[in-house]
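The block underneath contains the structure these notes are about, expressed in C-alpha cells.
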Amino acid sequence: MQAQQPESQAKVLAVGQLYQDFILHVDHFPEEDAKKRANNLEIRSGGNCGNTLRVLSQFPGVSAWCMSSLGSKAEAGGLLQVLEDQHVHTSTCVFHDHGLNPSSYIIHASDTGTRTIISYNKTEDLTLEDFVAKVEQASTDHKFHWVHFEGRNVNNAVKQIEWLDNKALHEGWRNQLTISVELEKPDREDIDSLLDKGDVVFFSKLFAERRGFNQAHEFLKAYAERCQPHALIFCTWGAQGATCLHRPSQELFESPSIPIEQVRDTVGAGDSFTAGVIYGLSNKWSVKDALEFSCELAGRKVAQSGFDRLY
Ligand code: FRU
C-alpha cells in the first residue's frame, strides 16, 4: 500500500478525548470474579482522536492538530509528548488544574480479538468558548481544511460545529472545509443530534447493531435521510470491512478487510480507518479508493501492536 503524493498540505483538527490506555493481553476473556494472569501489559496513549492523529501524522502533507480537555499540564505531559513526538500539534488542548487524566482499562482477548474497554473520565467538558478561542488562535495563518468531532460531549460539540459552519460560510471558505462526526457509542446522551452535523459521518458496527441492523448497507440506507443531503456516510464492520453510502446519488461502496495472519491488537482499528478516510478524501481520491485504502490501513493496524509505521 502506498499513499499517493498529496497535492498540498491538509490542516486537520480532531476534537475529542485523549486517554491513557492500560491494555492487558489475555488468551481468553475472564470469567467474572476470576483471577487471571495477563500475557502482556501495554501502557500507551489513546483516545479516538489521539489514535486517528497518530496515524494521520504519518502521511505526507498532513498538518495534524489535537483538541482535548485534560487535567493539569504536568499530569498530561506524557500523553502530549507522544503526540508531539509525531509532529501532532497540541497547543489546541485545554488544561484544568485539577483532576486526573482520563484512563482506559482494556482487556484484549487473543482468541476472539475483542477489546473490552472500561474508561474513567472526570475531566471538564470542552466548551464552545474553549473551542472558539483555540480555533481562532490556531488559524491565524491557515484555516483548517478538515475538523473531525468524536461523538462525545454532544451538546457542546453541536454548538462548536454550528459556530464553525457559520464562520466558514460567512468568511467564504466553507467549500474548502470538511466537517466530520463520529457516532461510535449508541447509548451516549443526545448522540443522534450529531447525525445531520457532518459532511462526512462515521458509524460503528456497534451503533448499527444496537439500532437493530445486522448489515451495514441496510443501516446506512435507513439512516441516510437523517444525515445532510450531501453527506458521505461510512459504517465499519470489523473483520468484514466497511461500507459507504454517498447520499446524493444513493451509491453504495463496499470494501472487505484484508486477510490477517494473526490478530495482534484491535485497539484503535476504527480510529485508523477514520485516519485513512480523512487522508484519502483530503487528497480528493475517489470514495472507492479512500474506502479500500482505509480498510487496508485498519487491517494493517490490527496485525501489529500500536500505531507506529503504519505507512
Ligand atoms: C480505542 C480508544 C482507546 C481509548 C478508548 C476511549 O478506540 O480510543 O484508545 O481508551 O477507545 O473510548
Side-chain angles (χ1 to χ4, degrees), residues 8-17 48-50 52-53 56 62-68 89 92 125-139 142-185 188 190-204 207 220 223-236 244-248 270-271 273-285 287 290-291 294:
S8 58
Q9 271 264 316
K11 187 169 174 178
V12 181
L13 172 68
V15 184
Q17 189 60 66
N48 296 17
C49 65
T52 294
L53 290 166
L56 258 177
V62 176
S63 163
W65 296 69
C66 177
M67 190 182 294
S68 188
H89 301 262
T92 26
D125 287 338
L126 190 85
T127 62
L128 174 64
E129 292 69 30
D130 293 332
F131 181 79
V132 170
K134 291 294 180 180
V135 168
E136 300 278 23
Q137 218 177 68
S139 38
H142 300 286
K143 313 275 185 234
F144 287 106
H145 297 103
W146 194 302
V147 181
H148 173 71
F149 291 83
E150 274 179 30
R152 60 168 54 252
N153 181 22
V154 175
N155 294 327
N156 281 313
V158 166
K159 291 184 206 153
Q160 293 159 6
I161 294 170
E162 283 169 353
W163 174 82
L164 182 66
D165 184 40
N166 264 318
K167 177 182 168 70
L169 257 177
H170 285 119
E171 292 177 3
W173 50 281
R174 184 62 180 90
N175 61 353
Q176 289 149 51
L177 167 72
T178 304
I179 296 176
S180 58
V181 293
E182 179 192 4
L183 290 88
E184 184 193 28
K185 305 210 167 68
R188 200 157 256 165
D190 296 327
I191 186 85
D192 285 22
S193 47
L194 285 174
L195 282 166
D196 65 348
K197 292 288 172 282
D199 305 311
V200 175
V201 185
F202 295 97
F203 289 104
S204 66
F207 193 100
L220 289 175
Y223 268 66
E225 62 190 35
R226 300 181 62 186
C227 299
Q228 298 250 20
H230 66 273
L232 196 55
I233 317 164
F234 291 87
C235 185
T236 51
C244 174
L245 178 71
H246 178 244
R247 193 184 161 192
D271 310 330
F273 177 89
T274 302
V277 171
I278 295 177
Y279 181 70
L281 297 181
S282 294
N283 284 292
K284 311 215 174 349
W285 295 2
V287 174
L291 180 68
S294 306

Derivation and outcome, side-chain contact (heavy atoms from CB on, under 4.5 Å), residues Val12 and Val147: CA-CA 6 Å; Val12 181; Val147 181; over 6 Å; no
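- With a 4.5 Å cut-off on side-chain heavy atoms, Val181 and Val200 do not count as touching.
- Taking CD of Glu171 as the reference point, atom CG of Leu177 lies at 11.0 Å (rounded to 0.5 Å).
- A salt bridge links Asp199 with Arg174; the closest basic N to acidic carboxylate O contact falls under 4.0 Å.
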Derivation and outcome, side-chain contact (heavy atoms from CB on, under 4.5 Å), residues Asn153 and Thr127: CA-CA 9 Å; Asn153 181 22; Thr127 62; over 6 Å; no
Evaluation steps, side-chain contact (heavy atoms from CB on, under 4.5 Å), between Leu126 and Ser68: CA-CA 7 Å; Leu126 190 85; Ser68 188; over 6 Å; no
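- Between atom NZ of residue Lys143 and atom CD of residue Gln176 there is a gap of 10.0 Å, rounded to the nearest 0.5 Å.
- Side-chain atoms of Thr274 and His148, non-hydrogen and from C-beta on, do get closer than 4.5 Å to each other.
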Residues Met67, Leu13; criterion side-chain contact (heavy atoms from CB on, under 4.5 Å); working and verdict: CA-CA 7 Å; Met67 190 182 294; Leu13 172 68; 3.9 Å; yes
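- Proximity of the aromatic rings of Phe149 and Phe202 is defined here by a centroid distance below 6.0 angstrom, and this criterion is not met.
- Counting heavy atoms of neighbouring residues, nucleotides and ligands inside a 6.0 Å radius, atom NE2 of His142 does not exceed 12 of them.
- A salt bridge between Glu136 and Lys167 is present, with a side-chain N of the basic residue lying under 4.0 Å from a carboxylate O of the acidic one.
- In this structure, CG in Leu220 is found 13.5 Å from NE2 in His246, a value given to the nearest 0.5 Å.
- Under the 30°/60° scheme for interplanar angles, the aromatic rings of Phe203 and Tyr223 are found to stand perpendicular.
- Salt-bridge formation is not detected for the pair Lys197/Asp165: no Lys NZ or Arg NE/NH1/NH2 atom is positioned less than 4.0 Å from an Asp or Glu carboxylate oxygen.
- To the nearest 0.5 angstrom, Ile233 atom CD1 is 4.0 Å from Cys227 atom SG.
- Exactly one residue among Arg152, Glu184, Gln17 makes a side chain to side chain donor-acceptor pair (under 3.5 Å) with Asn48. That residue is Glu184.
- With sequence neighbours excluded, the residues forming a ring pair (Phe, Tyr, Trp, His ring centres under 6.0 Å) with Trp65 are His89, Phe144, listed by chain and number.
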